[in-house]
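Below is one structure; the comments refer to it alone.
In what follows, every heavy atom counts, from backbone to side chain, and hydrogens, waters and symmetry copies are set aside. Every chain is numbered from 1, with letters handed out A, B, ... down the list of sequences.
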Number of protein chains: 2
Amino acid sequence: MSMIADALGVSSATVSNALSGKGRVSANLVDKIRKKADELGYVPSNAGRALRTGRSNVLGLVLPDISNPLFPQIAQAMEAAASNVGYGVLIADSRGKVTTQTQAISRLIERGVDGLVVIPRRGTRIGDVGCPVAMVDTPSTPGNTVSADHWEGGAKVARHLVDLGHKNFLLVGHDPASNVQNDRIGGMKSALGRNTRHTTIWLETLMHERGERASLGLIDHIKNDVTAIAAVSDLHALRVLTELQTAGIKVPQQVSVTGFDDLIFSPVVTPSLTTVHMDMARIAELAIAALVREIEQGKPAGQNGKAAKQTVTADTSKVSMELMVRASSGPAASPDAPFPTGETL
Amino acid sequence: MSMIADALGVSSATVSNALSGKGRVSANLVDKIRKKADELGYVPSNAGRALRTGRSNVLGLVLPDISNPLFPQIAQAMEAAASNVGYGVLIADSRGKVTTQTQAISRLIERGVDGLVVIPRRGTRIGDVGCPVAMVDTPSTPGNTVSADHWEGGAKVARHLVDLGHKNFLLVGHDPASNVQNDRIGGMKSALGRNTRHTTIWLETLMHERGERASLGLIDHIKNDVTAIAAVSDLHALRVLTELQTAGIKVPQQVSVTGFDDLIFSPVVTPSLTTVHMDMARIAELAIAALVREIEQGKPAGQNGKAAKQTVTADTSKVSMELMVRASSGPAASPDAPFPTGETL
DNA sequence: AGCGTATGATTAATCGATTAACCAGTTAAT
DNA sequence: ATTAACTGGTTAATCGATTAATCATACGCT
């Protein structure tokens, strides 16, 4: 910056003012400075700016477990949304453990992030971290900034299956302590209506009892007239799907299967998976916008008034989910022939 | 820092020396300063340090496409390896496009990263970016810093299938321009031996001709006596698997299927997928170590000697891959009964 | 005693950008 | 005509940590 100033015989303050458009500089001079800056390939030093302004223009993204298959979508959306408004994204993985998560958060804080986006793990408590925090979980969680409307998503798949004539459902969850999963299943149940039946199983509990790779015992449920299996994630839907196929049960002719999240493999498995898609880009946009708004209001850090919000609030806290009807869901099998055996390929 | 100095009546330079262990400070005083620092909850300012030292302690991770299902593993491993040696990780997604990638890289540079880890997309050229770059691709790519030994991995699965008695193979690739995939397939072919046959299909080409969700036409190959299908990714193996199951073909009784990468769903589909696992943690460790070594040698930026390396070199450039034998691969079906129909479940 | 050498700590400059305070002209207003 | 207000710019302080240069003692050795 001082090089530009020297080259044009002005002071560096003027250069700063010209480039930031803040002080009073003649339009003429602004042009010259801009041109010179380009010419010299000037790139503002983040360190210098950060030191002076106390802002790093970097946000932290805290994830419960990066290896979650949904993470790519999240990271991509957050990175795009942040970079659109001039922020970088520093990642931190807490590998499931709550203690690790606390460490991860402090590492980010020490790095001087201006704000945090947290995808919480059950049991996560965000203490006072000294910077704005956006939380992306589910609308029913207190402090949630913005998230997909998982309840509505559940309702949408369920209604789809009901419309197809299904009456007997198996709902497949993974972790009974997850708010997101509970909302999804809650939404499903709310839409099932009076003349249907449903059973819910939780895989984590099941696997704890029977081992990691045990069969899910789907056949029993099907013998019990279940014709639709709705899972809270495509990962579990996939597990269901392949288990059924191995047992020779036709999807969707005998049983319909649905998932959630529209993971990358969902469109390409056979039959392609009916699922519920979340608009992560929009969620990210809202979360980042809320965060940035808070950051740029310039918190006087010490002043912790009585209404010290733990997390920021977005314009909208729910983003609608979209049902993706594909090949794994179809009309309920007629009850007359519960076990069709013909090669209906 | 000056607060600590004031509180103990010493100069801030002494505090700096004490905490960094660089200058000469009496052991006694070092203790007192450490204690005071803890007491005051001192956290060094990254901005101040970065400004003075010219180092940000942040690395950039450039990915061709975050939505790649392998990305979680990569990001997690890189983040862990970096944070172990005191670095943060800033992500940048290039969404497949080469132009976007260039932009993403400059954004990272402007943010002042000390080094870059690039997972290149075919056609990626890393220009002179002014900081050390580690490239993670495949050993056969010029400039590759470190990566899994994809060729060896291919050889391992192929040998496994040969040992099971298979003689007629279908190799499934996606993108014929990908170095990684070519190495994997090359490795497979190298291990197939003389009295076997194989055909290779490339999904991208296929899908271009027949549409995104077209059948892969596996049945024809199987009628042609193929008993083993080896894909270059679990994603494609999964597609193969479900397509076979829908057609009523038993895996592994009639046909064995293998994949690559040990993606998150691979152990839980039915049958669980035989695949090749890469030790991403070790790859990340080597890449980061190479990068950090280069960074901390302190490049005099201007001095671009004739041997200006484009990318850094790691101690080892190949990391062995591990074969994970699971349920989707089994002995070759006896040629006498190419189409067993009994319910051998 | 006198000289050289460690030891332990201080001073002050520096990195690059921002910004409050100030200054010198010019124009407008009373 | 004198003051007020505006314009276009400059000065200098500041953010926090690092580090070369320097200084003041104390110690060891002949």
request  = Whole angstrom is fine here: how far is it from CG in A:Asn17 over to C1' in D:dG8?
outcome  = 10 Å

task = Find the distance between CG (A:Asn46) and CD (B:Glu110) and round it off to the nearest 0.5 Å.
result = 8.5 Å

Gap between atoms CG and P, on A:Asn28 and D:dG8 respectively (whole Å) = 10 Å

ask   = Do B:Arg49 side-chain and D:dT18 base share a donor-acceptor contact under 3.5 Å?
value = no

query = Of all the choices, C:dA17, D:dA17, D:dT19, which nucleotide is nearest to the side chain of B:Ser45 once you look at every atom?
reply = D:dA17

task = Can you tell me the distance, in whole Å, between the CZ atom of A:Arg52 and the P atom of D:dA12?
result = 16 Å

Protein-nucleotide distance (B:Leu19, atom CG; D:dT18, atom P), rounded to Å = 8 Å

ask   = Closest to the A:Leu51 side chain: C:dA17, C:dT10, D:dC15?
value = D:dC15

query = Starting at CG of A:Asn57 and ending at C1' of C:dA17, how long is that distance when rounded to a whole Å?
reply = 13 Å

query = Within the side chain of B:Ser56, is there an N or O that forms a donor-acceptor pair under 3.5 Å with the backbone of B:Gly112?
reply = yes

query = Are B:Lys36 and B:Glu39 within salt-bridge range, i.e. N to O under 4.0 Å?
reply = yes

inquiry  = Testing the 3.5 Å rule here: is there a donor-acceptor pair between the side chains of A:Thr141 and A:Asn179?
reply    = yes

message = Tell me the interatomic distance from B:Lys32, atom NZ, to C:dA9, atom C1', rounded to whole angstroms.
response = 13 Å

remark   = Between A:Leu29 and A:Gly48, the residue closer to the 5' end of DNA chain D by nearest nucleotide is A:Leu29

message = So A:Ala47, base contact, sugar-phosphate only, or nothing? Heavy-atom distance under 4.0 Å.
response = nothing

ask   = So does A:Lys22 get a side-chain nitrogen or oxygen closer than 4.0 Å to the phosphate oxygens (OP1/OP2) of C:dT19?
value = yes

message = Using whole Å, what does the distance between atom P of nucleotide C:dG8 and atom CG of B:Leu8 come to?
response = 17 Å

task = Would you indicate, yes or no, if C:dA9 has its OP1 or OP2 atom less than 4.0 angstrom from a side-chain nitrogen or oxygen of B:Ser26?
result = yes

Sugar-phosphate only, base, or nothing, as touched by A:Ser16 at under 4.0 Å among non-hydrogen atoms = base

inquiry  = Looking at A:Arg107, I'd like to know if its CZ atom is crowded, meaning that more than 12 non-hydrogen atoms belonging to other residues, nucleotides or ligands lie closer than 6.0 Å.
reply    = yes

query = For B:Val15 and A:Tyr42, take the nucleotide of DNA chain C holding the closest heavy atom to each; which residue's nucleotide lies nearer the 5' end?
reply = B:Val15

Value in whole Å for how far the P atom of C:dA21 lies from CZ of A:Arg24 = 13 Å

